[in-house]
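Residues: numbered from 1 along the sequence shown.
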Amino acid sequence: MQQQSRTFIFVCATYLVILGGFTTLRMLSSAGLFNFMSPAVADIVFSLIAQVGLMVIVPIIGAKLLSRKKQPTQMSYAEFVSGAQVNVNNGKDSVRDIFRSWGFNKPSGKVIIYSVILGLVMFLFNIFVSSMFNGVLSAFGHRGAAGGGGGMPNAFTGVGGLMVMMFIVAVLPGFCEEVTHRGFLMRGLSDRIGIINAITVSSLLFGLMHLNIVQFFYAMILGWLMAVAVYAMRSIWPAVIMHFMNNGLSVYLSFASTYGWFGGDFLRSFATFFGGTIFFVYLGAFIGLYILLVRIIHMFAKENFVRDNQQAGIQKPLHMSRGMAGIKYYITAQEDKNRPPLAPLEKTLLLGTIFLGTVVTGMTLVWGFF
């Protein structure tokens, strides 16, 4: 347990550095740090620093530093986090081992196909979620609720601009933000606070990391679904694919609407149809999309649960629910649930990280009313 506590503290402290660095970078950017560059170059540089620098390189450095602090006879970081057998060199992990511990294993063709389906369904589900929360904010007079979305063709134009925006809005966040939240953070916290709590904390911080009240709600909800899919499908790639597709479709449709490309009127037609229908049809579509997401994730969670039982030669009962309750049961069946409460330092670091993100996000809520 001492090693688990040390890893928990180190992961929280590293994430606090990431969140603090991202907040500082956003503030400096707003203050004109990149004004000497063209808007297009500034967007690219900002994305590379924030995504690659803070959300990939910093977690790797954190994991490497943690490995060096352990004795050669102890488990490596990758072994501890993933429970998998990895090659260990005197208690130090290679970058490849670290990525394996975060769930970057080779996905099956079935996982890839269903991840694409999940990405499409999640994009439609996100339209409902974001419109609901934006509608609430707008009803109270929040100015940011009318805008908020990414991927609009601003400094970038045409097909070339679309490719650049796909890279900085879909490819980079789809990979880098998953490394930090569904890899480094969620995996690093799970053995100390449990899988479900780790999913909840990582999803909350994923929403807060956006530092924008308009994006917070739907990012947190989608973060939860992606996190559950990671455990159910035994790979982080489904979350990467789902994240990429959600952002990528948003980018493409924004450009398509501007330039009259195929599907450019999809969002307008979607909003017109559901905006003019009765509430129960709108609610039914929303619930239907959620059920479809959950059923697909449930299928993988159940299959892996049954496979684990067969390999272990035991017969744990199946869960009666085919919904989220069943998924939680399947993905937590193998974990040790006897954990002592968090120590004061662990609580301080965890709550401090959440507090920092909450303060900045809360400020965007207040600013939207003025």
Check: Applying the side chain to side chain contact (heavy atoms under 4.5 Å, CB included) test to Tyr114, which of Val116, Ile117, Val111 qualifies?
Finding: Ile117
Next item on the list: Say whether Ser94 and Asp97, considering side chains only, have a donor N or O and an acceptor N or O under 3.5 Å apart.
Entry: yes
Margin query: Quiz question: by atom type and distance under 3.5 Å, do the side chains of Thr364 and Asn212 form a donor-acceptor pair?
Written below: no
Note to self: For Glu303 and Arg234: C-alpha separation, side-chain torsions, deciding distance, then whether salt bridge (Lys or Arg N to Asp or Glu O under 4.0 Å) applies.
What the structure shows: CA-CA 11 Å; Glu303 286 180 359; Arg234 304 289 176 86; over 6 Å; no
Next item on the list: Please name the pair of heavy atoms, one in Cys176 and one in Val56, separated by the smallest distance, quoted to 0.1 Å.
Entry: SG-CG2, 3.5 Å
Notebook entry, point to check: Among His181, Glu178, Arg182, which one satisfies side-chain hydrogen bond (donor to acceptor under 3.5 Å, both in side chains) with His243?
Noted result: Glu178
Next item on the list: Begin from the C-alpha positions of Phe99 and Phe184 and carry the test ring-ring contact (aromatic ring centres under 6.0 Å, His included) through to its verdict.
Entry: CA-CA 9 Å; Phe99 271 87; Phe184 176 74; over 10 Å; no
Taking C-beta and beyond as the side chain, do [X] and [Y] meet within less than 4.5 Å on heavy atoms?
{"X": "Pro59", "Y": "Trp102", "result": "yes"}
{"X": "Pro238", "Y": "Met226", "result": "no"}
{"X": "Leu33", "Y": "Met27", "result": "no"}
{"X": "Leu205", "Y": "Leu208", "result": "yes"}
{"X": "Phe22", "Y": "Arg26", "result": "yes"}
{"X": "Asn134", "Y": "Tyr218", "result": "no"}
{"X": "Leu162", "Y": "Val251", "result": "yes"}

Next item on the list: Decide side-chain contact (heavy atoms from CB on, under 4.5 Å) for Thr7 and Asp191; before the verdict, give the C-alpha distance in whole Å, the side-chain angles of both, and the deciding distance to 0.1 Å.
Entry: CA-CA 9 Å; Thr7 300; Asp191 272 32; over 6 Å; no
Notebook entry, point to check: When the ring planes of Phe206 and His210 are compared, do they come out parallel, tilted or perpendicular, using 30° and 60° as the limits?
Noted result: perpendicular
Next item on the list: For the pair Phe175 and Trp237, name the ring-plane relationship: parallel under 30°, tilted 30 to 60°, perpendicular over 60°.
Entry: tilted
Notebook entry, point to check: Would His319 and Phe305 satisfy ring-ring contact (aromatic ring centres under 6.0 Å, His included), going step by step from the backbone distance to the final call?
Noted result: CA-CA 10 Å; His319 198 278; Phe305 172 80; 9.6 Å; no
Margin query: For Tyr290 and Phe128: C-alpha separation, side-chain torsions, deciding distance, then whether ring-ring contact (aromatic ring centres under 6.0 Å, His included) applies.
Written below: CA-CA 10 Å; Tyr290 175 77; Phe128 283 95; over 10 Å; no
Next item on the list: State yes or no: are the ring centers of Tyr259 and Trp261 separated by less than 6.0 Å?
Entry: yes
Item checked: Cation-pi, Tyr329 ring and Lys302 (6.0 angstrom, 45 degrees) -> no
Item checked: Cation-pi check, Arg187 onto Tyr231 ring (under 6.0 Å, within 45° of axis) -> yes
Next item on the list: Using a cut-off of 6.0 Å, state whether more than 12 heavy atoms not belonging to Lys316 lie near its atom NZ.
Entry: yes
